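Below is one structure, written out as structure tokens; comments come after it.
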Amino acid sequence: MAVLRNSFVTSLPQNGGMHVPERSAHDVERPYRVPLSRPALPPIEEVIDDVRRILGSGRLTNFGPFVREFERNASKFLSVPYAVSVSNATTGLCLLLNTLPRGSEVVLPSFTFLATVQAILWNALVPRFADIDLETFCICPESVKERITRNTSAIVAVNVFGTPCPVEELEEISRARNLLLFFDSAHALGSQHRKKYLGSFGDAEVFSVSATKVLAGCEGGVVTTSREETCQAIVNRRNYGFSQDHDCMNMGLNGKMTEFSAVMCNRSLPHLNCQIQHRNELAQGYKNQLRTVPGISFQCVPEGDVSTYKDFTILIDPSLSGISRDGLAAALGRRGIEVGTYFSPPIHRLKYFQPNSDDMALPNTNLVASRILSLPIHSQLSDGELQFVASSIKEILLHGD
Ligand SMILES: Cc1ncc(COP(=O)(O)O)c(C=O)c1O
């Protein structure tokens with residue numbers, strides 16, 4: 001295991017106790033000096049016995065012992081009564097939204113990943129895009145209110161990059177208007193709102209454990225809820241819609257998590273808080289370096305909340321920095337620094353979704369999407385690499401590329 005030297009993480013075990021993968025064929029294809037993200041994986045000695053048990057038993061899927069263990073672990077970790085594993089968060093969202101009346105409207109942000117809106121359209125529901133807050137990049141409650149009609153059945157809020165949404169305000173709107181409230185928490189396993197892990201807010205939340213997430217289970221997801229009937233609705237749909245007596249009473253999908261993914265999650269979960277603390281320290285390191293640079297600002301995490309920092313993003317104001325977001329991204333790429341531009345363009349500007357959109361109603365979304373840039377953040381990012389990214393940004397802004 002490579003040794004991570006990072007002065008931001010002096011209180012943590014080396015690399016949060018996680019395994020550092022060797023450079024892979026994937027890295028050779030995209031030879032970045034500083035990659036945007038790399039999965040944090042459990043040490044091989046922590047998973048090998050479980051892998052042997054899976055191979056020995058021949059039980060690879062179909063809700064085996066490791067998947068059941070993951071559901072118990074997730075429920076306990078997040079302090080939520082029900083945690084239902086699924087094959088990925090997209091499927092989890094599809095199954096959850098399948099409980100809504102066909103043809104009804106769902107309010108969601110346009111500043112999100114494709115999966116959020118696709119789950120709506122796969123269920124023949126109508127997306128209504130609300131604008132976001134300029135500081136947190138999460139859905140704006142005032143805009144949500146404006147998008148609700150008599151035909152609205154639910155709100156899907158997204159905890160963007162791990163930053164918690166304004167939970168109480170959204171819960172109040174959903175209560176007052178008699179709507180269901182779901183959270184797309186794909187980025188946010190381990191985020192906290194007012195000292196409570198996300199997972200039990202609203203009517204249900206959906207987490208992803210795909211390879212780019214802080215808890216990386218290869219592919220997978222988990223739907224959490226405090227409501228027994230919501231838990232049952234997912235259980236009734238995630239196995240092709242089969243009921244226990246082999247009848248079928250619901251639309252279904254293949255939503256099964258594999259035993260291998262569950263092992264990855266089970267063995268990574270004890271390291272999760274360490275990983276999140278490390279990422280928060282890296283984020284603070286970037287902020288310290290870039291705070292005084294004209295034209296750069298950061299996503300705000302509300303006071304008292306904790307973000308997973310699944311992504312660390314900055315905004316570039318070209319009128320102050322003298323360079324566009326795309327100009328800076330290209331210049332960093334030439335220096336071997338991989339960056340991301342999530343979520344740009346936002347959903348309502350993608351061709352397939354334009355008929356459902358009202359561009360004029362989303363000024364904050366348009367602004368943030370045009371300025372956003374994600375910088376490298378992962379458990380193996382060294383102090384030196386972080387300094388290199390920050391000083392490259394300063395140099396490009398000061399002297400040009
Ligand atoms: C906001 C958001 N929702 C949903 C998903 C879908 O997650 P999955 O890849 O597990 O299907 C993603 C994927 O990254 C996402 O970013």
Side-chain angles (χ1 to χ4, degrees), residues 39 41-42 47 49-78 80-100 113-116 118-123 182-189 199 204-225 227-269 272:
L41 306 174
V47 293
D49 288 347
D50 293 345
V51 171
R52 279 208 183 92
R53 271 182 61 197
I54 295 172
L55 298 180
S57 72
R59 179 139 192 201
L60 308 180
T61 185
N62 283 350
F63 317 110
F66 292 103
V67 163
R68 297 289 184 202
E69 183 187 340
F70 173 57
E71 292 177 334
R72 286 192 300 277
N73 287 341
S75 154
K76 191 166 167 214
F77 182 88
L78 300 172
V80 61
Y82 304 102
V84 187
S85 65
V86 283
S87 49
N88 52 60
T90 310
T91 303
L93 286 165
C94 280
L95 300 178
L96 188 59
L97 295 175
N98 189 250
T99 58
L100 298 176
F113 187 63
L114 275 168
T116 323
Q118 280 168 340
I120 290 170
L121 293 180
W122 273 106
N123 282 297
F182 301 134
F183 289 96
D184 177 339
S185 299
H187 301 173
L189 211 168
E205 302 201 38
V206 181
F207 297 91
S208 172
V209 293
S210 77
T212 57
K213 306 304 182 293
V214 185
L215 188 81
C218 187
E219 293 285 359
V222 59
V223 182
T224 60
T225 179
R227 298 164 52 134
E228 211 243 319
E229 67 271 29
T230 307
C231 163
Q232 203 52 52
I234 304 299
V235 169
N236 288 344
R237 287 166 173 79
R238 71 174 169 173
N239 190 19
Y240 311 94
F242 276 125
S243 55
Q244 293 212 326
D245 56 0
H246 295 284
D247 203 340
C248 175
M249 263 109 80
N250 294 287
M251 268 297 282
L253 279 173
N254 177 354
K256 295 177 286 181
M257 185 185 231
T258 71
E259 288 286 90
F260 292 107
S261 288
V263 165
M264 296 286 286
C265 292
N266 290 332
R267 299 301 159 223
S268 299
L269 200 55
L272 180 63

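Computed from a predicted structure; not experimentally measured.
Between Cys94 and Leu253 the shortest heavy-atom distance is CB-CD1, 4.0 Å. Summarising the geometry of Cys265 relative to Val209, their closest heavy-atom pair is SG-CG2, 3.7 Å, with the distance given to 0.1 Å. The two residues Phe63 and Arg68 have their closest heavy-atom pair at CB-NH2, 3.5 Å. Considering all non-hydrogen atoms of both residues, Phe70 and Asn266 come closest at CA-OD1, 3.0 Å. Of all heavy-atom pairs spanning Gly199 and Glu205, the tightest one is N-OE2, 2.7 Å. Contact detail for Val206 and Ala89: the closest heavy-atom pair is CG1-O, 3.6 Å.
Between atom CD of residue Glu69 and atom CG of residue Asp50 there is a gap of 7.0 Å, rounded to the nearest 0.5 Å. In this structure, CZ in Phe260 is found 4.5 Å from CD1 in Ile54, a value given to the nearest 0.5 Å. With rounding to the nearest 0.5 angstrom, the CG atom of Leu269 is 10.0 Å from the NZ atom of Lys76. With rounding to the nearest 0.5 Å, the separation of CZ in Arg227 from OH in Tyr82 is 11.5 Å. For the atom pair Phe66 CZ and Ser57 OG, the distance stands at 7.5 Å (nearest 0.5 Å). Atom CD1 of Ile234 is separated from atom CG of Asn239 by 13.5 Å, given to the nearest 0.5 angstrom.
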Run the side-chain donor-acceptor check on residues 212-221: report pairs under 3.5 Å with partners two or more places apart or on a different chain.
residue	atom	partner	partner atom	Å
Lys213	NZ	Ser210	OG	2.9

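Counting only distance, with no hydrogens or angles, the side chain of Asn88 and the backbone of Thr91 share a donor-acceptor pair below 3.5 Å. Counting only distance, with no hydrogens or angles, the side chain of Thr258 and the backbone of Ser261 share a donor-acceptor pair below 3.5 Å.
For residues 233-255, the set of pairs meeting the salt bridge (Lys or Arg N to Asp or Glu O under 4.0 Å) definition, not counting sequence neighbours, comprises Glu71-Arg238.
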Determine whether Val86 and Leu95 satisfy the following criterion, side chain to side chain contact (heavy atoms under 4.5 Å, CB included), listing intermediate values before the conclusion.
CA-CA 9 Å; Val86 283; Leu95 300 178; 4.2 Å; yes
Please lay out, stage by stage, how Asn250 and Phe242 fare under the test side chain to side chain contact (heavy atoms under 4.5 Å, CB included).
CA-CA 8 Å; Asn250 294 287; Phe242 276 125; over 6 Å; no
Show the numbers, then the answer: is there a side chain to side chain contact (heavy atoms under 4.5 Å, CB included) between Leu97 and Ile120?
CA-CA 7 Å; Leu97 295 175; Ile120 290 170; 3.6 Å; yes
Show your reasoning for whether side chain to side chain contact (heavy atoms under 4.5 Å, CB included) applies to Phe182 and Leu93.
CA-CA 9 Å; Phe182 301 134; Leu93 286 165; 5.9 Å; no
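Other residues, nucleotides and ligands contribute over 12 non-hydrogen atoms within 6.0 Å of the CZ atom of Phe77. Within a 6.0 Å sphere centred on CZ of Arg53, heavy atoms belonging to other residues, nucleotides or ligands number 12 at most. Atom CD of Glu229 has more than 12 neighbouring heavy atoms from other residues, nucleotides or ligands inside a 6.0 Å radius.
Contact annotation: the side chain of Leu114 never approaches that of Thr90 to less than 4.5 Å [non-hydrogen atoms, C-beta and beyond]. The side-chain heavy atoms of Leu189 and Leu272, taken from C-beta on, include a pair separated by under 4.5 Å. In this structure, the side chains of Met257 and Ser87 stay at 4.5 Å or more apart for every pair of heavy atoms. Side-chain atoms of Ser208 and His187, non-hydrogen and from C-beta on, never get closer than 4.5 Å to each other.
Here the options are Leu60, Asn62, Val67, the test is side chain to side chain contact (heavy atoms under 4.5 Å, CB included), and the partner is Lys256; only Asn62 passes.
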